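Below: the structure, in structure tokens.
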Amino acid sequence: MALLPILRFPDARLQRIARPVPAVDARIRQLAADMLETMYEAKGIGLAATQVNVHEQVIVIDISEEKNAPQVLINPQLLWASDERIKGDEGCLSVPGVYDGVERATAVRVRALDLDGKAREIEADGLLAVCIQHEMDHLKGRLFVDYLSALKRGRIRTRLLKAEREERRKTAEEAA
């Protein structure tokens with residue numbers, strides 16, 4: 001397994017729409033394993049392939065406290081979303097250190113392939129439902145900050161670009 005670099009907002013590659021996985025094979029299983037390792041290392045609960053610059057419909061999720069219940073969703077399709085909505089603070093590994101309120105359906109039903117290429121349906125509510133919706137947005141080229149006002153999004157962009165410049169400066173100083 002390998003740790004994969006996570007793209008950060010405002011990287012334009014995060015806006016690319018992911019294409020369906022044609023076949024669940026060894027390459028996709030390895031990608032899912034690498035994504036899980038990357039997600040765990042980054043202390044996240046979900047990661048979409050788009051975030052690691054692979055523009056195919058693969059999502060990994062683990063909302064368990066023990067981090068021992070990984071789920072892999074390949075080519076996920078939203079079948080149903082509840083009318084009931086919840087607004088909660090969301091964060092994202094591609095938007096580090098930023099949390100803000102996003103409204104989501106409280107429950108969803110999704111069909112996806114598993115690592116064996118078998119179709120299955122998942123009914124989810126609460127945190128799992130929110131996480132699935134968040135990660136499926138990534139596959140459509142959307143981030144949670146896209147739900148925020150243009151002013152907030154601009155402030156977040158400025159803050160993250162400044163932090164990235166500071167990181168590069170420190171790295172250059174350490175190398176010198």
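Keep in mind that what you see is a predicted model, and the values were worked out from it rather than measured.
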Listed by chain and number, what are the side-chain hydrogen bond (donor to acceptor under 3.5 Å, both in side chains) partners of Glu37, not counting sequence neighbours?
-> none
Does a sphere of radius 6.0 Å around [atom1] in [X] hold more than 12 heavy atoms from other residues, nucleotides or ligands, not counting ones at 6.0 Å or beyond?
| X | atom1 | result |
| --- | --- | --- |
| Glu103 | CD | yes |
| Arg155 | CZ | no |
| Arg142 | CZ | yes |

Are the side chains of Arg153 and Pro10 in touch, meaning some heavy atoms are under 4.5 Å apart?
-> no
Could you list the cluster mates of [X]? Members are the ILVMFWY residues connected by side-chain heavy atoms closer than 4.5 Å, either directly or through other members.
| X | answer |
| --- | --- |
| Trp80 | none |
| Val130 | Ile86 |
| Val21 | Leu4, Ile6, Val24, Ile28, Leu31, Met35, Leu36, Met39, Tyr40, Leu47, Val52, Val54, Val58, Val60, Val72, Ile74, Leu93, Leu113, Leu115 |
| Ile45 | Ile59, Ile61, Ile63, Leu73, Leu78, Val108, Val110, Ile122, Leu127, Leu128, Ile132, Met136, Leu139 |

Apply side-chain contact (heavy atoms from CB on, under 4.5 Å) to the pair Val98 and Phe9, showing each step before the final yes or no.
-> CA-CA 11 Å; Val98 176; Phe9 176 77; over 6 Å; no
Distance from [X] atom [atom1] to [Y] atom [atom2], nearest 0.5 Å?
| X | Y | atom1 | atom2 | result |
| --- | --- | --- | --- | --- |
| Asp146 | Leu14 | CG | CG | 9.5 Å |
| Asp137 | Glu90 | CG | CD | 8.0 Å |
| Leu143 | Gln51 | CG | CD | 7.0 Å |
| Arg109 | Gln77 | CZ | CD | 13.0 Å |
| Gln15 | His55 | CD | NE2 | 11.0 Å |
| Asp100 | Leu148 | CG | CG | 4.5 Å |

Checking side-chain contact (heavy atoms from CB on, under 4.5 Å) for the pair Lys162/Thr158: CA distance, chi angles, key distance, verdict?
-> CA-CA 6 Å; Lys162 182 179 176 183; Thr158 300; 5.5 Å; no
Ion pair [X]/[Y], N-O distance below 4.0 Å:
| X | Y | answer |
| --- | --- | --- |
| Arg169 | Glu173 | yes |
| Arg27 | Glu56 | yes |
| Asp11 | Arg13 | yes |

Contacts of type salt bridge (charged side-chain N to carboxylate O under 4.0 Å, His left out), residue Glu174, not counting sequence neighbours = none
Nearest heavy-atom contact between Pro70 and Asp62 is N-OD2, 3.5 Å
Could you go through the side-chain contact (heavy atoms from CB on, under 4.5 Å) check for Glu166 and Lys170 one step at a time?
-> CA-CA 6 Å; Glu166 184 63 22; Lys170 283 182 181 178; 3.5 Å; yes
So, the side chain of Gln133 versus the backbone of Ala129: is there a donor-acceptor pair under 3.5 Å, distance only?
-> yes
